[in-house]
Every structure is written in structure tokens, then in C-alpha cells.
Amino acid sequence: MHFNGISLDTYALCSSLTASSSLRNVEFGKQIHSHVEKSGWLSSVFVGSALVDLYAKLSLIANAAVVFDEIPVKNSVCANALLSGFCEAKLWVEGLELVRKMPEMSLDYDHFTLSAILRACAGLSAIELGRQVHGYLIRKVYNLGDDVFLQSSLIEMYGKCGLVVEALQVFCLAGLRLGGEKRRDVVLWTSMLGVYGRNGHFEEVVLLFKEMLKEGIKPDEVAFVTVISACGHTGQIRLGLEYLDSMTQVYKLIPGPEHYSCVVDLLCRAGELEKAMKVVNEMLQKDHKNGSVSLWVALLSACCDHENVELGKFAAQKALELDPQNVGIYVMLSNLYTRFGMWDEIGQLREEMRQRGLTKEVAFSWIEVTS
């Protein structure tokens, strides 16, 4: 169009920017941005929002923030696009600062904004702010019972802050309508399963999963990852394998590397290293490429526990091929070598880490300080 002298309107520009975002073609997106600057189309909040969304989805957060500041008349859409970029980049503080400024720009909070705020609260473990947002939702959002994503965001916020009881209370009230009817879809069930799993309530994961099936809810891939992992932590080997089989036989779902990782972990916890390796081979034959880091780390961890050096070296090699900067893999392999007094191999590991500029990070914890 541009080559043939046809002027680009708002629709053409927004469509081009959306296509650039979908194809992750930042160079073409920047060319459109340059044209927008020259032609004055940045005064359009729709084009500006599309630009912010482009840069945010391509993780160019600084560019997205600059474009946002240049938009003369902003709306909630462009603010939410930038807020989404902050959340994806885990820039929680910057996201909350943008939220704080929105009323100053006469911008209202919509359901997307509130969901992003809850996500930031979870990322910062800012439970008091999360509770304030919950109160705001109760007062301001009339149809909260119909908004699955807001409810699931609430459940996940409480869960990531370690407040399992509060998350369960939200879940129990989720989907509640006049007349006592409840409509909870798989998103809400999966969120609550994740809360239980994340906080070590593995028996509750299995019980809740069974309850979900009784209510006729078809589990998704995420739900199966959580419940198979929980079976491994509770020693229910047979049940975990049955759930894996039911994915394909009953629910017509295709297990991914993350599901096989959970099964390998499940078998390794039971000391069944040969069966775990058999599952790995089956997975590799099903064109899952090289598996996943979590799969090989689970196998490596089991080798450390059961002192299997050769299989441990193989698992560590495969894991490092997928994530060569993962210090934890080096540490686990070093611990395995230490048990057998393999000091030369430990020296080689340390030299390899030094050449790659890797160091073991010091652990830390989040706490919320109140006055």
C-alpha cells in the first residue's frame, strides 16, 4: 500500500503492528513506528496502544514506556498494554507505580487492570495490598461472580502469599449465583489445585482433583501436571500412572514434557530408576526432542539419592544441553561426585563453571514489612 502511494489509515497501521507482534518481527514494527512518528498518527490512541502492545509483547519495555508517555490522550487500553508488559517482565513495582498514576490521568481500572494488580501483589508477596484490591473488587465489581479470571487471580494471589485458607474461601464462593447455583469452570479448579500444590498440600490436591471429576469438569493439561506431581509426593505411584494414561485414553489430551517430568519424578521418588529411564526413552521416541530440564533434573536428583553415578552424569549432561547456565545442575552433580570421592571430576566442574562465569547464588526470602 505504502509503495503504491496509498495512505495508511488507523486500521492498516494497527493491523500491521498486530501482525508484527504475532510474528515477533521487531524490525518491521520499528519501521511502522517510524512512519507513525513522521505522519503524526501517534496522536491516535489506537495506534499508540498498538505500538505499546507491540513493544511490551516483544519484551522491549523501555520502548513501550516511551511510546506510552508520548501518547497525548491516553485510555485504559494503552495503560493495560504497558501494565501487561511490566507484569510479563516481572517488573512488579513499576507496574504498581503505573496503576497508582492511572487516576491522575483520568483512567479507570477495568477487569484487566485489577487482574494485573493482583498478579503484581502475588509477585511481591504484598498481601495487604492484595487484600485492599479484594475489598475494592467486592465494592466495585457488580458481576464478580461471572469473571473467572478475576476470581482465579484472587485465588492465585492468596496462594502465592501462602494463605491457603483465604484462597479456598474465594474458591468456595467463586461462581456462586442467586439461588445457590455454582458454575466453576476448569480455570478456577486448576487455580485452586495449583495453590494446594505450591504450598505442599499434596493430599488435598488429589482429593480436589477427584471432586472436580465428580462435578463433570474436564481437566486440562495444567491440572494433570499438578495432580501427577502430587501423587509423587504422596507415594501414590499407581494412581499417578493411571492419571497419565487417562489423559490420552479418556480425555484425548497429549502428554507433554512437563507431564513426563512429573512421572519420572514420581518413579524416582519410589526408587524406580529403571522404570523412570524407560519412561524417558518412551517420551524421546514420541518426538519430544530432548525432554525438559525438570525431567533430567528429577532423574539427576534420584541418582544422587540412590548413588547412581553413570546415570547421574548422563542426566546432568542432558540437562546442561538444555540449560547450560543452570548452576543448580552443577551443584547436584558435584554433590554426587563428592559421595564417591571423585575429586578430579569436581575440579573439572568448578573450572567449567569458572569459564562460564557461573556462581552459586545465595538464597533469599520475601517478607512484607508493615509499620
Side-chain angles (χ1 to χ4, degrees), residues 122 148-149 151-172 174-175 182-273 275-280 282-283 286 288 291-299 301-302:
V148 173
F149 295 103
Q151 291 174 332
S152 63
S153 296
L154 271 173
I155 293 170
E156 291 173 6
M157 184 273 295
Y158 281 122
K160 288 182 179 179
C161 292
L163 301 177
V164 178
V165 175
E166 285 82 350
L168 181 60
Q169 290 173 345
V170 175
F171 174 75
C172 290
K182 282 188 177 181
R183 292 183 182 177
R184 294 184 298 207
D185 69 356
V186 67
V187 176
L188 293 170
W189 287 93
T190 303
S191 296
M192 193 62 220
L193 285 170
V195 169
Y196 276 142
R198 193 178 298 112
N199 289 277
H201 297 256
F202 301 114
E203 292 182 0
E204 286 81 355
V205 170
V206 178
L207 292 174
L208 186 66
F209 187 82
K210 291 179 179 178
E211 183 182 344
M212 181 176 77
L213 297 182
K214 288 180 181 179
E215 290 203 9
I217 305 296
K218 179 184 176 181
D220 60 7
E221 292 87 349
V222 178
F224 274 109
V225 168
T226 307
V227 74
I228 295 173
S229 176
C231 289
H233 285 85
T234 55
Q236 301 182 71
I237 313 302
R238 181 177 296 178
L239 183 61
L241 295 175
E242 287 177 359
Y243 283 144
L244 181 69
D245 290 338
S246 71
M247 285 187 67
T248 54
Q249 300 299 325
V250 180
Y251 300 103
K252 309 304 178 184
L253 299 173
I254 300 175
E258 62 276 9
H259 300 97
Y260 287 107
S261 297
C262 291
V263 172
V264 168
D265 181 64
L266 177 145
L267 292 170
C268 287
R269 288 177 182 274
E272 302 283 357
L273 268 67
K275 291 183 179 179
M277 197 59 210
K278 182 179 178 181
V279 171
V280 171
E282 290 177 359
M283 182 206 68
K286 292 180 179 179
H288 284 291
S292 65
V293 176
S294 59
L295 182 148
W296 295 112
V297 168
L299 191 59
S301 177

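Note that the numbering runs from 1 along the sequence shown for the chain. All values below were derived from every heavy atom in this structure, side-chain atoms included, with hydrogens, water molecules and symmetry-related copies excluded.
Contact record, Leu208 with Met192: CD2-CG, 3.6 Å, taken as the closest heavy-atom pair. The two residues Val205 and Leu193 come nearest to each other via the heavy atoms O-CD2, 3.4 Å. Listed here is the closest heavy atom pair of Ile237 and Leu266: CG2-CD2, 3.3 Å. The two residues Gly240 and Ile228 come nearest to each other via the heavy atoms O-CG1, 4.0 Å. Heavy atoms only, all atoms of each residue included: Ser152 and Leu188 are closest at N-CD2, 3.7 Å. The two residues Cys268 and Leu299 make their nearest non-hydrogen contact at SG-CD1, 3.8 Å.
Between Phe171 and Trp189, the distance from one ring center to the other falls under 6.0 angstrom.
To the nearest 0.5 Å, atoms CG (Asp185) and NZ (Lys218) are separated by 14.0 Å. One finds the CG atom of Leu213 at 4.0 Å from the OH atom of Tyr251 (value rounded to the nearest 0.5 Å). For the atom pair CZ (Arg198) and NZ (Lys160), the distance works out to 5.5 Å, reported to the nearest 0.5 Å. To the nearest 0.5 Å, atoms NE2 (His233) and CG (Asp265) are separated by 6.0 Å. Rounded to the nearest 0.5 angstrom, Cys161 SG and Asn199 CG are separated by 10.0 Å. Note that CZ of Arg269 is 7.0 Å distant from OG of Ser229, once rounded to the nearest 0.5 Å.
Proximity of a side-chain donor or acceptor of Ser191 to a complementary backbone N or O of Val187 within less than 3.5 Å is detected. Looking only at distances, no side-chain donor or acceptor of Ser301 sits under 3.5 Å from a matching main-chain atom of Val297. Of the possible donor and acceptor atoms, none in the side chain of His259 sits under 3.5 Å from a partner among the backbone N and O of Phe224.
Aromatic ring orientation, His201 versus Tyr196: tilted (interplanar angle from 30° to 60°).
Contact check for Ser246 versus Glu242: no side-chain heavy atoms found under the 4.5 Å cut-off. In this structure the side chain of Glu215 reaches within 4.5 angstrom of the side chain of Arg184, judged on heavy atoms. Proximity of Pro219 to Met212: side-chain heavy atoms (C-beta onward) are separated by under 4.5 Å at one or more points.
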Leu239 and Lys210: side chain to side chain contact (heavy atoms under 4.5 Å, CB included), yes or no, with the steps?
CA-CA 11 Å; Leu239 183 61; Lys210 291 179 179 178; 4.3 Å; yes
Going through the distances and angles, do Phe202 and Val206 end up as a side chain to side chain contact (heavy atoms under 4.5 Å, CB included)?
CA-CA 7 Å; Phe202 301 114; Val206 178; over 6 Å; no
Evaluate the criterion side chain to side chain contact (heavy atoms under 4.5 Å, CB included) for residue pair Leu295 and Val280; output intermediate values, then yes/no.
CA-CA 8 Å; Leu295 182 148; Val280 171; 3.7 Å; yes
Test log, rule side chain to side chain contact (heavy atoms under 4.5 Å, CB included), inputs Leu168 and Tyr158:
CA-CA 9 Å; Leu168 181 60; Tyr158 281 122; over 6 Å; no
